[in-house]
Structure formats: C-alpha cells, structure tokens
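These notes concern the structure reproduced below.
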Amino acid sequence: MATRIDISELEKAMDGLLESALVPERWAGTLEAISRATGSAGAHIMPAVGKFSPGFLTTPNLLEAFDVYFAEGWHKRDFRERGLPIALAKGVTIEHDIASEEEFRRQEFYTEFLARFGLRYSAMIGFTSGDTLLSLNLQRRVDDHPFDREEERILLAMRSKLTASAEIIRSLQTAKIEGMSEAFELSGTASVFFDRTGRVSHLNNRAERLLDGDIRIVDRELVSGSQEETGLLRRHLKAVLGGDTFLSPAVSTPVLFSRPGKAPLVIRAQLLRGLPADLFAHSHAVAIVTDLSERARADGDLLRRLFALTPQEATVARLLMEGSSPRQIAEICGLTYETARGYVKKVLSKTGTQRQSQLISLLFGLKI
C-alpha cells in the first residue's frame, strides 16, 4: 500500500514549529499542516504521562473530543497508554502495536470514546523537552487506513526535528522565565517557579534567602517543617496547575508556612498562562512568597474599627499575624499565659476565625 504521507509537505509543516513557538497563534495552523501532510484527521502534542486539561496543543477539530476526554475521565483510562513503553523503546507507536482488531471492537476507549467522534487509528511519536517526555499524536478516522510500518519509518525520522525544536523552544522559555525572575528580584519580591508536576524549577535569590532548616527544598519540592502545611501547598499547586477556577478555595486561599520564632511566609501560586508554547517550558506556575516580618506593622486603629477589638486585642492580633505564639505574646505584653490565651480566643472569635493560620490569611487578604 502506498503511504499517505506527503514527505515534501511534511517537511514544510515541520519548519513551522519554531515559528509557532514565537507566535503562539500559529500553533493550530502548524499542527493542521502536519495533520494534512501525514494523511491524518487531526494532530496534538501533549505530555506522555501526567496529562491535564490545560496542558496540550491541538488542531481545532479535536477540541470537542478533548473536552470529553478530560470531562469524562478518559485521560485516566486511556487504553493507548499501554503503547508508551514501545514509544520509549523505539520512538514511535502505531495503533497495531497497541490493539488488535478484537480490541477495536470491545475496548470502551474505542467503542465509547473514539467512535463517538468517528476516530480510531493513531500514531504516537515520542520526543523530549528537557526532562519531560512529550508525544506528537496523529489521529485517523475509522474509515481511514491505519498507519503502517512504512509510515512508521517516516514518522520515526520526525523525532530528531521535534526534539531539536522542543529544545530551542524550551531555551527561549527559560530565558523568559529568568527575565521574570529577575524582575521579581528587582521589585523586592520572592518568587518560586514550578513545573507542571509542582516541583521547583527555579527560584530567585530573594526566595532562596527565605529557605532555612524548617522551610527547604527536598527532592525539588518546597516543604515546610509541618506535613500539614506541605500538603496544603501540594493541593494548592495541583489546583492551580490543573486549571481550577479562581472560585476554588484551593486556588484562592494562600498557603501559610509557619516558622518558629518568626512571622510565617504566605505563598500564592499563579498559572503562567499565555506564554508561547508553554507546553515546552520548564515552568508552568509561579508562587509569590511574602515574608510577613517584612510587612508594615498592622494599623491598630484599623483593626479595632474592622473587628471591634479593644486596644489590647488589636495588639494581640498584630502579634499573632507576626507569628508569635500565645506564650510569646504573654512574655511580650507582660501577661500571664492564661490571660494571653484568653485574648487570643477573643481575637479569633471577633474575626470569625478558628486558628492562627486562618487569622493571618484573613488579615493578609485585607492588606493589613
């Protein structure tokens, strides 16, 4: 059978990869050109593992299928993932490496998902961007010819250009991230960048100076001395990187990292949207880290007006925000420990909070 791949057109289409990295609006056109040149119905690029809804590039005609793919959880039970070891071993996987004719007829992924959109046969070309394994997936319809071994040989030759393009794109993105980091540094802002798995990919000098024995980076993860706080940051990053809306409490609520004898750090992450070809970038989110000990002391009059606090209660609220414990508050204010605890309870009650961390989050959000 003659190949359906037009090698001359494919070469032209592949030349559009770098141009698309610089002009992101052209990604759809580049993928459509690759799709046409390979006799495919559509094409997309996404991580080979760790798929998530914002993290892919696709031809527009597959967008509806991707909405269903993520909304119905097919990305968690993608039958084709069994072809990943093959892609790792030889660089390309075609459908008949993955499924038999019998499996096309009985596997839900084919019968309930792909068939809904008239799709079936695919080829997956694995390539790398830094330490991330990506795949260019070419999709054909049910009534198309499946990719054959001759076409597999041609697709394999695409890997080198895909990898080279990805590395150049990644280098451009790295320069952009480093520029952002330097801008944060010049503005006196501590910033930590994260890859799409929530691991630290870069941090500026100001953020690095905040690391100590309690707050540190372990196996590229930003951790606190408290497992609970570390877990909260994981959930915060997962929600941000997963594209949850700002209405989600996991996105909108900052994470507090407590520090014995010091004011806590407040961490707020933001997805890096709009960067060209951010699928290839080493950083997908940035967290702004605020050291509450460097903030202006809270205005006692404002605290009293907002929450009907007495002068002593306002002082206790300010000390709580700075990270002082009830025992430390007792020493600073010349109170007994029980009296200090009583004031803490009154402050929490009047502000509608239950813990010191909630109070800090509330006052931080009010810019106090």
Side-chain angles (χ1 to χ4, degrees), residues 52 54-55 173-212 214-218 220-226 228-259 262-276 278 281-298 318 320-323 353 356-368:
F52 62 107
Q173 297 292 39
T174 299
K176 184 177 289 290
I177 294 299
E178 289 174 351
M180 291 177 63
S181 177
E182 185 176 349
F184 283 128
E185 185 76 28
L186 291 172
S187 68
T189 303
S191 60
V192 182
F193 293 81
F194 298 89
D195 67 16
R196 63 182 182 80
T197 67
R199 302 287 175 175
V200 175
S201 53
H202 180 79
L203 70 166
N204 64 6
N205 292 332
R206 197 171 184 87
E208 195 166 356
R209 288 195 294 270
L210 295 175
L211 302 178
D212 55 26
D214 295 293
I215 296 172
R216 58 202 187 281
I217 295 174
V218 179
R220 292 184 56 213
E221 181 179 23
L222 183 61
V223 301
S224 163
S226 161
E228 179 184 2
E229 292 172 351
T230 301
L232 288 172
L233 180 60
R234 285 177 188 152
R235 288 192 286 277
H236 180 54
L237 289 170
K238 182 178 180 181
V240 169
L241 289 162
D244 289 8
T245 72
F246 69 92
L247 297 175
S248 165
V251 171
S252 61
T253 305
V255 177
L256 302 176
F257 271 16
S258 57
R259 300 181 295 174
K262 299 179 184 177
L265 300 179
V266 179
I267 305 172
R268 290 180 183 268
Q270 171 68 48
L271 192 65
L272 291 171
R273 294 187 185 276
L275 294 179
D278 59 2
H282 68 42
S283 298
H284 294 260
V286 60
I288 303 303
V289 184
T290 303
D291 183 352
L292 291 181
S293 66
E294 295 183 357
R295 295 184 58 142
R297 295 170 72 84
R318 176 176 56 77
L320 285 169
M321 184 178 174
E322 292 176 355
T353 55
Q356 183 177 11
S357 61
Q358 290 179 335
L359 174 67
I360 292 170
S361 179
L362 171 66
L363 300 184
F364 180 81
L366 292 172
K367 307 301 183 187
I368 291 177

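Only this structure's heavy atoms are used, side chains among them; waters, hydrogens and symmetry mates stay out.
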If you define the side chain from C-beta out and look only at heavy atoms, does anything of [X] sit under 4.5 Å from [Y]?
X    : Y    : result
L211 : L203 : yes
L272 : V286 : yes
V255 : V266 : no

query = What residues, two or more places apart in sequence or in another chain, satisfy salt bridge (Lys or Arg N to Asp or Glu O under 4.0 Å) together with E178?
reply =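 E178: no salt bridge (Lys or Arg N to Asp or Glu O under 4.0 Å) contacts found.
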Closest heavy-atom pair and its distance - [X], [Y]:
X    : Y    : result
A285 : V240 : CB-CG1, 4.4 Å
F257 : V223 : CE2-C, 3.6 Å
S283 : S201 : OG-OG, 2.6 Å
A190 : N204 : CA-OD1, 3.7 Å

message = Using the rule side chain to side chain contact (heavy atoms under 4.5 Å, CB included), only one of L241, L237, T197 pairs with H284; which is it?
response =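 Exactly one candidate clears the test, L241.
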request  = Report yes or no: do T189 and S191 form a side-chain donor-acceptor pair below 3.5 Å?
outcome  =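 Note: T189 and S191 side chains miss the donor-acceptor criterion.
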inquiry  = Can you confirm whether the side chains of H236 and T253 place a donor and an acceptor under 3.5 Å from each other?
reply    =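 The criterion, which ignores hydrogens and geometry beyond distance, is not satisfied for T253 and H236.
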task = Not counting sequence neighbours, which residues clear side-chain contact (heavy atoms from CB on, under 4.5 Å) with A250? List them please.
result =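 side-chain contact (heavy atoms from CB on, under 4.5 Å) check on A250 returns A239, S248.
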Who pairs with [X] by side-chain hydrogen bond (donor to acceptor under 3.5 Å, both in side chains), at least two apart in sequence or on another chain?
X    : value
T230 : none
R220 : D195
Q356 : none

task = Ignoring hydrogens and angles, tell me if any N or O in the side chain of R216 forms a donor-acceptor pair with the backbone of D214 under 3.5 Å.
result =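 Answer holds: yes.
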ask   = Taking 4.0 angstrom as the limit, do R259 and D291 come out as a salt bridge?
value =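 Counted as a salt bridge, because a side-chain N and a carboxylate O are separated by less than 4.0 Å.
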key: Residues that F194 engages under ring-ring contact (aromatic ring centres under 6.0 Å, His included), provided they are two or more places apart   =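 So F194 forms no ring-ring contact (aromatic ring centres under 6.0 Å, His included) with any residue.
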